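Within every chain, numbering begins at 1; the chains are lettered A, B, ... in the order of the sequence lines, protein sequences first and strands thereafter. Because the structure is predicted, anything quoted here is derived from the model rather than measured. Computation of the quantities below employed the complete heavy-atom set of this structure, encompassing side-chain atoms and omitting hydrogens, waters and symmetry-equivalent molecules.
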2 protein chains.
Amino acid sequence: MKNVSTEDYLSVIYKNQNEAGEIKSNLIADKLSISNAAVTDMVKKLSKEGLINYTPYKGISLTQEGDSYAKALVRRHRIWELFLFQIVGLPWEKVHDEAEKLEHCASDELINRMEEMLNFPEFDPHGDPIPDKNGRIPKRPNHFPLTKADVGAIVSVQRVNDSDNQFLAHISNLGIDLRSEIFVKEVISYDGSMVVECNGRTFTISQKAASNIFVEKAG
Amino acid sequence: MKNVSTEDYLSVIYKNQNEAGEIKSNLIADKLSISNAAVTDMVKKLSKEGLINYTPYKGISLTQEGDSYAKALVRRHRIWELFLFQIVGLPWEKVHDEAEKLEHCASDELINRMEEMLNFPEFDPHGDPIPDKNGRIPKRPNHFPLTKADVGAIVSVQRVNDSDNQFLAHISNLGIDLRSEIFVKEVISYDGSMVVECNGRTFTISQKAASNIFVEKAG
DNA sequence: TCTTTAATTTAAGCAAACTTAAACTATTAG
DNA sequence: CTAATAGTTTAAGTTTGCTTAAATTAAAGA
Ligand SMILES: [Mn+2]
Ligand SMILES: [Mn+2]
Ligand SMILES: [Mn+2]
Ligand SMILES: [Mn+2]
């Protein structure tokens, strides 16, 4: 097992790489709240350790080894999140920060045991996929932001953006949960907010919030 | 919350202080597997931070503040241990090492939630007391090593030494658990080993093992 | 193409927590 | 009471991961 710092770099790279698998050093610095110079330093070390590909002034990307290490970290993180949510009963806006630390300090045995307790789940409390022991990532039907749903449609929540705790607490408060069904009654053209019905209650949801909720057409 | 290193020092001091509340720098170095020089360094810092009392060449002891911080750490550690044992189902020889890391990275909220799930327990899986939120430590009836039990006596296990995982796995294998009742049938004077009955099975237990099992007379 | 700007790297330095080796104190034995 | 020894501290140096400021490279606009 690598140290916490190394793990944080790998997981930031993994989560923020573009479609081509590349990331700017800039973005890493941003996400970790450190200077660019520190990133350059560390990136050299990670490269020497064979975890990333790096050519100065060009790009940064994960090697095979770095990628599978990062995938294992994401796995740990999401299993912790689901465990805290489902077994311990923490609300979904609190599990991420907790998991951010716990992911670095549980043995594989404990992670696997929790996975078993949770019955080998495919998705975390925010709807993000959990890689299995072999690094396989569950696929999911296409989903799109709630803002793209048509008036009159009934959709079901598949995933929510887990990067803003206030947002999570907010929609949870409105009664929106993973797998909730939402009936789109009206879209206010002025500001893009939506009038929806969910769990028998009708309320308005802002465009900003709706854009962070991902849904599929309800069958 | 202090950093991991500081926490490790405090908890080693707490757990290894003598009756007068003092500890040799020697012992700290030993327990943390680092040099004496490193301990001297750190001990100065902790002293400056008001967590320990320190006079060069004399003694090291916890201040009020250091003591209550250490107590909170022990609380975290033991709640984690019991949680892993009872809720997650890890065997008692595995919970200590896991808790050793987890104790540094769960929020108070999570610890308190686990405590609640466990119904405000008083003792960890090895029979060690769990300080409550206010630092109060549950008292327990007198207990003594199994080696001191008389032939013919029936005793119940109150606590086991949690510092050796092999020992824990061994006695667990023999069927000895916390609160097990043990009937002392015979003591072999040659090597001090004991023939005992526990859960209907009769077997021999070495003096070494028996000396790490603490019991009280069964009522 | 040349110049301006933005992104990135290099240089120099710092703090934390270690190390080994040497110097110092305290304790204990003769 | 002195000398040997055990325990502790100081000195000097290392590694890791960071900082700011200066230099370099790449990209974009005129
Ligand atoms: Mn998360
Ligand atoms: Mn998540
Ligand atoms: Mn323990
Ligand atoms: Mn214990």
Side-chain angles (χ1 to χ4, degrees), chain A residues 1-14 16-62 66 69-70 73 100-101 103-105, chain B residues 1-14 16-62 66 69-70 73 100-101 103-105:
Chain A
M1 248 172 92
K2 322 261 174 225
N3 66 30
V4 173
S5 202
T6 298
E7 295 196 341
D8 280 337
Y9 274 83
L10 291 178
S11 112
V12 162
I13 296 171
Y14 181 86
N16 297 283
Q17 62 194 340
N18 62 20
E19 322 73 45
E22 306 213 307
I23 188 172
K24 300 285 181 66
S25 81
N26 217 355
L27 185 56
I28 302 178
D30 227 62
K31 293 286 174 184
L32 293 174
S33 307
I34 56 178
S35 70
N36 284 310
V39 172
T40 302
D41 246 39
M42 192 63 159
V43 145
K44 282 186 205 156
K45 285 181 211 158
L46 296 180
S47 170
K48 206 167 284 173
E49 291 178 53
L51 294 166
I52 63 176
N53 304 115
Y54 168 62
T55 352
Y57 292 108
K58 302 287 179 185
I60 297 165
S61 65
L62 294 167
Y69 197 100
L73 286 171
E100 203 59 53
K101 298 173 154 197
E103 64 184 354
H104 302 292
C105 52
Chain B
M1 249 173 91
K2 323 259 175 228
N3 65 32
V4 173
S5 201
T6 298
E7 293 196 344
D8 281 338
Y9 275 84
L10 291 178
S11 110
V12 162
I13 296 170
Y14 181 87
N16 298 283
Q17 61 193 338
N18 63 19
E19 321 74 43
E22 306 212 306
I23 186 172
K24 300 283 181 69
S25 80
N26 218 352
L27 186 54
I28 301 178
D30 227 61
K31 293 287 172 181
L32 293 173
S33 306
I34 56 179
S35 70
N36 283 311
V39 173
T40 303
D41 246 38
M42 191 62 159
V43 143
K44 283 186 205 155
K45 287 182 211 158
L46 296 180
S47 170
K48 206 167 285 173
E49 291 178 55
L51 294 166
I52 63 175
N53 304 115
Y54 167 62
T55 350
Y57 291 108
K58 301 289 177 182
I60 297 165
S61 65
L62 294 167
Y69 197 100
L73 286 171
E100 203 57 54
K101 298 174 154 197
E103 63 184 353
H104 302 291
C105 52

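One can place CD1 of B/Ile28 at 14 Å from C1' of D/dT9, the figure rounded to the nearest angstrom. Here D/dT25 presents its P atom at 18 Å from NZ of A/Lys24, a figure rounded to the nearest Å. One atom, CG of B/Asp8, and another, P of C/dA17, lie 11 Å apart when rounded to the nearest Å. In this structure, NZ of B/Lys44 is placed 14 Å from C1' of C/dA16, rounded to the nearest angstrom. Rounded to whole Å, the distance from CD1 on A/Ile60 to P on C/dA7 is 14 Å. Between the CG atom of B/Leu27 and the C1' atom of D/dT8 there is a distance of 14 Å, rounded to whole Å. Whole-Å rounding puts the A/Asp30 CG to C/dT8 C1' distance at 14 Å.
The residue A/Ser25 sits close only to the backbone: its heavy atoms come under 4.0 Å of sugar-phosphate atoms, none of a base.
For the pair B/Asn26 and D/dA6, the criterion of a side-chain N or O lying under 4.0 Å from OP1 or OP2 is not met.
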Within the 4.0 Å limit for protein heavy atoms, which parts of nucleotides 11-22 of chain D are touched? Write it as a string from 5' to 3', B for base, S for sugar-phosphate only, - for none. B----SBBBB--
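Every residue two or more places apart in sequence or in another chain was checked for a side chain to side chain contact (heavy atoms under 4.5 Å, CB included) with B/Asp30, and none qualifies. Partners of B/Tyr69 under the side chain to side chain donor-acceptor pair (under 3.5 Å) rule, at least two apart in sequence or in another chain, are B/Glu7. Residues passing the side chain to side chain donor-acceptor pair (under 3.5 Å) test with B/Thr6 are B/Asn3, sequence neighbours excluded. Listed by chain and residue number, A/Asn36, A/Val39 satisfy the side chain to side chain contact (heavy atoms under 4.5 Å, CB included) test with A/Ala29 (two or more places apart in sequence, or in another chain).
Proximity of A/Met42 to A/Ser5: side-chain heavy atoms (C-beta onward) are separated by under 4.5 Å at one or more points.
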Run the side-chain contact (heavy atoms from CB on, under 4.5 Å) test on B/Tyr14 and B/Leu62 for me, step by step, so that the C-alpha distance in whole Å, both residues' side-chain angles and the decisive distance to 0.1 Å come before the verdict. CA-CA 7 Å; B/Tyr14 181 87; B/Leu62 294 167; 4.0 Å; yes
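Annotation: proximity of residues 46-58 of chain A to DNA chain D (heavy atom, distance under 4.0 Å) is found for A/Tyr57, numbered in ascending order.
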